[in-house]
Amino acid sequence: MLFSAALLSFPLLAVGLSTPGPNLHSRAVAFVVPADNGGSQLDDAGNGLGEPLNVIISGLSSPAVLTDAGILSYARSLGLSTECLGIHIGGPQKANLGDGNGPLDQTSELRQDFGNSIFGTCLESLKGGNHLRYWRQDGPTANTGALFLAVSKEENLAHSHTISPDGYDVGRDLLVSSAVAGSSFGGVTYTATSETISGLLPVGTAGVNHGIALDGKVVLLTVTIV
């Protein structure tokens with residue numbers, strides 16, 4: 001299933017795009033549903049269960065947002081940054097976005113930085129906070145450039161840094177709330193529109209890591225540099 005600006009059920013996808021720079025190109029499709037091509041909206045946590053890809057940054061976003069450097073800058077505008085001193089504990093998770101690339105490790109993992117994009121994520125490791133992993137849909141059968149995010153709110157170190165109760169839905173909502181309010185980082189200002197999509201994720205705990213129930217909703221963000 002292709003999600004494009006032409007679908008009347010998703011009117012918020014028709015937004016302005018910034019002028020692409022070198023090697024950056026506007027896309028024609030917001031994203032392709034992974035399950036339509038053998039993929040899944042749950043990632044693979046390595047234990048037979050998965051975590052929800054509960055936020056999608058649309059391929060119709062400003063092209064500069066969809067690069068690795070661009071999504072890092074955008075995430076920093078939302079209060080997330082790279083892991084503490086570049087140290088990651090635990091193995092990467094995989095996701096199959098149905099784009100012909102098959103299951104791939106996460107591109108990166110970002111954590112709440114508490115207002116300090118350099119060292120703030122060290123505090124998240126101690127006290128918990130919001131957290132995301134992301135993958136890019138850019139394979140030969142669905143080269144949309146969309147970014148699929150697994151967002152969750154984590155507990156503090158005393159609770160073994162596990163996902164908070166209702167942490168998948170809560171983490172998603174915290175990130176989306178910050179996005180639609182507008183944000184800026186490094187002299188760049190971003191706006192975002194959101195669309196809530198049902199039917200891509202299960203409702204409840206079936207197949208979900210940590211047995212945490214989902215409300216089944218995915219939020220599509222279209223992010224524009226202004």
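Positions are given from 1, in the same order as the sequence printed here.
Scanning all heavy atoms of the two residues, the minimum distance from A192 to A179 falls at CB-O, 3.6 Å.
With hydrophobic clusters built from ILVMFWY side chains whose heavy atoms lie under 4.5 angstrom apart, V180 shares a cluster with L78. Cluster annotation: I163 and V170 are assigned to distinct hydrophobic clusters (Ile/Leu/Val/Met/Phe/Trp/Tyr, side-chain heavy-atom contacts under 4.5 Å, transitive). Criterion: ILVMFWY side-chain heavy atoms under 4.5 Å apart, direct or through other members. Under it, L80 and L174 are not part of a common hydrophobic cluster.
Counting heavy atoms from C-beta on, the side chains of L53 and L97 come closer than 4.5 Å. Looking only at side-chain heavy atoms (C-beta outward), Y74 and S61 stay at 4.5 Å or farther from each other. Counting only heavy atoms from C-beta outward, the side chains of L175 and L221 approach each other to under 4.5 Å. Using a 4.5 Å heavy-atom cutoff, the side chains of P140 and N101 are in contact.
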Practice task
Take D99 and N143, measure what side chain to side chain contact (heavy atoms under 4.5 Å, CB included) needs, and give me the verdict at the end.
Solution key: CA-CA 7 Å; D99 59 0; N143 188 13; over 6 Å; no
Problem - D215 and R172: CA distance, side-chain angles, deciding distance, side chain to side chain contact (heavy atoms under 4.5 Å, CB included) verdict - result: CA-CA 11 Å; D215 63 11; R172 174 202 62 205; 2.8 Å; yes
Handout entry: Check against side chain to side chain contact (heavy atoms under 4.5 Å, CB included), Y134 and Q106
Key = CA-CA 6 Å; Y134 78 87; Q106 64 205 39; over 6 Å; no
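D43 contributes no side-chain N or O that, together with a main-chain N or O of G50, makes up a donor-acceptor pair within less than 3.5 Å. For S58 (side chain) and L60 (main-chain N/O), a donor-acceptor pair under 3.5 Å exists by modelled atom type. The backbone N or O of G70 sits less than 3.5 Å from a side-chain atom of T67, completing a donor-acceptor pair.
Side-chain contact, N37 with N96: no donor N or O sits under 3.5 Å from an acceptor N or O. Side-chain N/O atoms of N209 and E51 include a donor and acceptor closer than 3.5 Å.
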